[in-house]
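Read the structure below first, then the notes.
Quick note on labels: first sequence line is chain A, next is B, and so on, each numbered from 1. Any value given below was found using the heavy atoms of this structure, including those in side chains, with hydrogens, waters and symmetry copies removed.
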2 protein chains.
Amino acid sequence: MTLVQLEYIIAVDTYRSFVVAAQKCFVTQPTLSMQVQKLEETLGVKLFDRSKQPVVPTDIGIEIINQARTVLIENQKIKELVSDRQKELFGELKIGIIPTVAPYLLPKIINGFVEKYPLVKLIVWEKTTEEIIQQLKTGMLDCGLLSTPLHENNLVEIPVFYENFVAYVSKNSSLFKKKSILPNDINLEEVWILNEGHCMRDQVLNICQRKSSTKSFQHFEYNTGSVETLKRMVDQNNGATILPELALEEMTVKQLDKVRYFKSPEPAREVSLVIQKSFLKRKMIDALKNEIIDFIPKRMRSKKKKDVVEI
Amino acid sequence: MTLVQLEYIIAVDTYRSFVVAAQKCFVTQPTLSMQVQKLEETLGVKLFDRSKQPVVPTDIGIEIINQARTVLIENQKIKELVSDRQKELFGELKIGIIPTVAPYLLPKIINGFVEKYPLVKLIVWEKTTEEIIQQLKTGMLDCGLLSTPLHENNLVEIPVFYENFVAYVSKNSSLFKKKSILPNDINLEEVWILNEGHCMRDQVLNICQRKSSTKSFQHFEYNTGSVETLKRMVDQNNGATILPELALEEMTVKQLDKVRYFKSPEPAREVSLVIQKSFLKRKMIDALKNEIIDFIPKRMRSKKKKDVVEI
DNA sequence: AAAAACAATAGATAAAATTGATAATTAGTA
DNA sequence: TACTAATTATCAATTTTATCTATTGTTTTT
């Protein structure tokens, strides 16, 4: 049994194809096939059922592949022990961020981070919560920045900040006259909402429907994955939408005029760095966390007087 | 980096010698040296300081060797996943047992175990507590059967039984006339005690000196590591000694006559199966535990009404 | 200072992993 | 049912790697 063989079976499991797995491992298909066979021979069990297309791992194969992941992670940590000794952080950090957080946070901190840690290569993907969870588990991502709690057993959440939601309303909305609002002031009919797959969509629905359970008829449907688009819908049409607090940072005075805050306790979302239980690349992730905390206003560090919305 | 290289550096660390490590790994010294060098090269750090004799691991070397142990353990678990599927237990189980437990327990259960699990090879060593702890940590032993609690952070204790201590007294001892005794009835001057290194020695001293803190002058010193020898000293000379409950099992009527029980709560020792946190070979160890429990009288399963002595 | 023990080095050899070409198998389609 | 495309297994040749024997420097012990 070798570490390479373990890498190979993980690749086959990940891509469900010997050909693709071989490409990803930068070897030819026979090479990979041979090594997988050898491993199967030394263990005395078939790991994959090749009679099906695409190949699927056997029952015992699933268990073994999982354990193989653990072995490789523990092995990774050896290299990490070495690079941790270096004064300077070094290596690459693969981050997944949900689209409702990314635009307000990343541009602000990326420059500072890259300057502070010039040897670290940040690789960022905008992905949905579901994708990030999946890829954290397989190790394709090192960490995720998303709204929690996830109630995922194999992941560890490191809460970074608590971001209030605010209403953003057009002048002809009934909400515009109010100084501050309550969740059941909101008429779901006039609220622009993100399309499915975004956790913030669920959170917003959670806030609005909490008391006003009137399922109203939607006259018009517009699907977007971008909070900025929602804002523009309000700006250029009418109605209202819910924005995360950080979206206010770049607003003009005219736009800030349309913001209505919720009465305390304000609905808020918990945003966390999420990592595997393996705690790989801990130092880099800690550095990233500190960079975020430095940027975030102090009031957002605590969840006091906030009503953290579930997903 | 390969698993073999990790095995090699662990061997070098264990034996503090390239020559011996090579022998234990069944390769020649240059082979092992080369692989260690290669690993040092890929990691970019020296793992051992060869300028000193015997070789010592560097600071980073210690960390890396520890992590290497974790990697190999996790790798072992892959094989275990396979053998766990087998209905029959299979493999070898290396057990360390303290000498004050071994003679009363092992002969009773070994036959039953070997019969029940014919494919398991039991390898038993009688060792002191300290040695067992040490070798559990390095993985040279799979489990230990010894008196607990050990307060060792990396080991897990699975209490198996609670064994009372009893006094064994000669006819001309003042204790002989009593029906049952208290710890401070015992005169340390006339008690035969195990030599240093045995945890039961400390426990016995703990019992006797707890209240009678009179440090008395010992007229005669006899060093033995065997509880049976202590018993014979009482049989053929005079004085008294403390025996573990299981030692009574094989006694003649004449000998049982010399036993004096302590008043409740009787002083007792906790005997546990101790394993690494890695939970390797869990199934075999569970089987062993059940075998022991089957043999042990029911009253010994619980620590109720017993005064468990610290080590 | 000499001897013994130890680790590093060099060249030769055996073992292995990898490759390219090809055969066998499976899934989907006409 | 036969055909095509895609996928995996097999085989011989090649490259790479690990290991061995013999030997050379070190360090430690006597």
I'd like a table of atom pairs between the protein and nucleotides 26-30 of chain D - only N or O on both sides, under 3.5 Å - with the distance next to each one.
none

5'-most by nearest nucleotide on DNA chain C - B/Met34 or A/Gln35: B/Met34

Side-chain N,O (A/Tyr15) to OP1/OP2 (D/dT7) below 4.0 Å: no

Interatomic distance where CG belongs to A/Asp49 and P belongs to D/dT7 [whole Å]: 17 Å

Sugar-phosphate only, base, or nothing, as touched by A/Val55 at under 4.0 Å among non-hydrogen atoms: sugar-phosphate

Exceeds 12 heavy-atom contacts within 6.0 angstrom, atom CD of A/Glu130: no

Step-by-step side-chain contact (heavy atoms from CB on, under 4.5 Å) determination, A/Val45 to A/Leu47: CA-CA 6 Å; A/Val45 289; A/Leu47 298 174; 4.2 Å; yes

B/Asp13 and B/Arg69 ion-paired at < 4.0 Å: yes

Lys/Arg-Asp/Glu bridge criterion (N-O < 4.0 Å) met for B/Glu40, B/Arg50: yes

Nearest-0.5 Å distance, SG of residue A/Cys143 to CD1 of residue A/Ile275: 8.0 Å

Residues B/Lys52 and B/Asp49 bridged, charged N to O under 4.0 Å: yes

Residues touching DNA chain D, which here means a heavy atom under 4.0 Å, drawn from residues 25-32 of chain A: A/Gln29, A/Pro30

Nearest-0.5 Å distance, OG1 of residue B/Thr2 to CE of residue A/Met1: 13.0 Å

Interatomic distance, B/Gln37 CD vs D/dT17 C1' [rounded to whole Å]: 15 Å

Salt-bridge contact B/Lys77-B/Glu80 (side-chain N to carboxylate O under 4.0 Å): no

Contact check, side chains of B/Pro149 and B/Glu310, non-hydrogen atoms, under 4.5 Å: yes

A/Lys281 side-chain N/O to A/Glu92 backbone N/O, donor-acceptor pair under 3.5 Å: yes

Terminal contacting nucleotides, 5' and 3', DNA chain C versus chain A (heavy atom, 4.0 Å): C/dA16 to C/dA27

Length of the line joining B/Leu6:CG and D/dA18:P, which is rounded to integer Å: 13 Å

